[in-house]
Amino acid sequence: MATEKEILEARRNRAQELEKSGTALFPARVPRPLDSIPQLIAGHADSSAESLEASRQLVRIAGRIVGLRSFGKASFVSLQADGQQLQVWMKRDQVSAERYTEFKLYEVGDFVWAAGPLIRTQKGELTVDVQEFGFLAKSYRPLPEKWHGLVDVEQRYRQRYLDILTNPDTRRMLELRSRAVSTIRTILEERSFLEVETPILQPVYGGANARPFTTLHNTYEETLFLRISFELYLKRLIIAGIDRVYEIGRDFRNEGISKKHNPEFSMLEVYQAYADYTDMMELTETLVAETARRVLGTTQVERDGEMLELAPPWPRRSMAELIQEACGVNIREARTLEALRGAIKSAKISNIDADSTPTWSVLVDELFSKHVEPKLMQPTFVLDYPAELSPLAKRHADQPDLVERFEAFIGGMEIANAFSELNDPDDQRARFLEQAQAAAEGDEEAHPIDEDFLRALEHGMPPSGGMGMGIGRLTMILTGASHLREVKVFPHLRKRDG
RNA sequence: GGGCGCGUAGCUCAGCUGGUAGAGCAGCGGACUCUUAAUCCGCCGGUCCCCGGUUCGAGCCCGGGCGCGCUCACCA
């Protein structure tokens, strides 16, 4: 018997036998109170066999059978709950021959409870010396192979529950991500920010340059878009006088998948009135460093063998000076497309096709993302982006072709993006029109015009700073993960037929 | 989307120059009251990803497809 069908039949048959012997396979009630396995383990890390013997503490635990070492008239069973395992020792003499026969029908994967005194075995293992036990839930399918565990990458993601169940690292990642998000909420609450939930289905998408997912509302016969950012709604709330506001939620972008990209991803967006992008720098570095400190207990993380120091202050570097350093091209002198093309050619920059790049800004962006970004390992704020690439950011007072914007990079990856928010409705309209022009010329990621948002802006918006941070990428930095899907609970995989 | 690689038992893997499929774990039967990858004896288990081709003969070679990984491109 070893085909999948036969293994499943064997488990079904054993379940039937159990049921015939009067055991409910899926009982509704669990005996209470239950002791927590992690708490028992932590509480008795130093308890000796003698002290346990002396106190004879009676405990009751419940969990999934993940290991079964069976002898003729006794068995050791590993029970797992809350991600940790505690051994129970089942002896025929102690539980009665009849009940031991029933127990022999239990198998790896099933859920059970067991009660008895806590002891330490001769080998020193903390163990429940079972006096009473019972069945809690049947598992009809086997767990992954116990020694190698689940290693097939595809199956790890297609059946993530098995990955989480059997790979402690995956569980630790989930716990860490959860604590990171809750720490971010705590810090923002400490600073009096209000958390809101804005629409995911939007009549006009915006706040970023990306292609959206499109859907249809049947009743209103209305085309709706899954949001690509929360930005324009949160700014409406700034206009509404919610001076410190944030949202943690999901964005959707109909684009490629890579180590750093997924079509749906979690974002934090924060907006603060009477502030600008320098305030956002302080907030960003504090959020990242404080989250690391509270979750990991340190502000130092390792990435590809390099130690990263997340503690503030992070260096503030202008995009121009970083490009100058990396490529020897001075974008402040080469201010036109032709001049920049010439500078790139004379500097002999590799893998940039200067002639086919349509605008000065896009060429600058190319230089930056290919030659600077991958090298930004230690946390770094990159400041002062071309206005053309940032239709929602306020212009520099003295350099109107640049905007007050920064992106924060860690480990060669963009972690956050922020600006002094554009609050001049006429300039905003002009920027939208530029975007409409780009769209007309075929730029599928151009920002659409949002008349409703412009109307709101005309009512008046205070000077404000805004910042967006990728939760998944932050988690990658905190865990050292090399791929975004590692820090997602259920990453997207192609649909499989059959 | 392009390039490279992979797909063999439920799981983890091996399979020579093309000669008719193998191990460990899991499963089944048996022994066993201090194991923790328990041990020992025996047994069962295959659409070699799919379709087509070459060949006396294909897991292996060729063509097409599907899925996955890496990578480049795209993309915050």
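We name chains A, B, ... by the order of the sequence lines, and we start the count at 1 in each one.
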Provide, to the nearest angstrom, the distance between the [atom1] atom belonging to [X] and the [atom2] atom belonging to [N].
X	N	atom1	atom2	result
A:Arg120	B:C34	CZ	C1'	14 Å
A:Leu105	B:G29	CG	P	10 Å
A:His483	B:U71	NE2	P	8 Å
A:Lys73	B:C32	NZ	P	5 Å
A:Glu107	B:G10	CD	C1'	13 Å
A:Arg156	B:C11	CZ	C1'	15 Å

Proximity to the side chain of [X] - top-ranked nucleotide from [options]:
X	options	result
A:Ile7	B:G27, B:C74, B:U36	B:G27
A:Glu255	B:U36, B:C75, B:A73	B:C75
A:Phe76	B:C75, B:U36, B:C34	B:C34
A:Phe71	B:C75, B:G27, B:C34	B:C34

Quantified in whole Å, what is the [atom1] atom distance between nucleotide [N] and nucleotide [M]?
N	M	atom1	answer
B:C72	B:U8	C1'	31 Å
B:A26	B:C44	C1'	12 Å
B:G45	B:C6	P	31 Å
B:U54	B:G64	C1'	15 Å
B:A38	B:G3	P	46 Å
B:U20	B:C56	C1'	13 Å
B:G15	B:C41	C1'	28 Å

Next on the checklist: Measuring from atom CG of A:Leu376 to atom CH2 of A:Trp314, what distance do you get when rounded to the nearest 0.5 angstrom?
Outcome noted: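 Atom-to-atom, A:Leu376:CG and A:Trp314:CH2 are 12.0 Å apart.
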Under 4.0 angstrom, heavy atoms only, what part of the nucleic acid is [X] near: base, sugar-phosphate, or nothing?
X	answer
A:Ser369	nothing
A:Ala208	nothing
A:Arg485	sugar-phosphate

Item to check | Base-pairing mate for B:G63 - Watson-Crick or G-U, with both contacts under 3.5 Å | outcome: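 B:C51 is the nucleotide pairing with B:G63.
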Checklist entry - Taking the six-membered ring for Trp, are A:Phe252 and A:Phe213 parallel (under 30°), tilted (30 to 60°) or perpendicular (over 60°)? => result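 Perpendicular.
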Item to check | Closest-nucleotide ordering on RNA chain B, the 5'-leading residue of A:Ser78 and A:Val108 | outcome: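 That would be A:Val108.
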Checklist entry - Taking OP1 and OP2 of B:U71, is either one under 4.0 Å from a side-chain nitrogen or oxygen of A:Lys259? => result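 Yes, A:Lys259 has a side-chain N/O under 4.0 Å of OP1/OP2 on B:U71.
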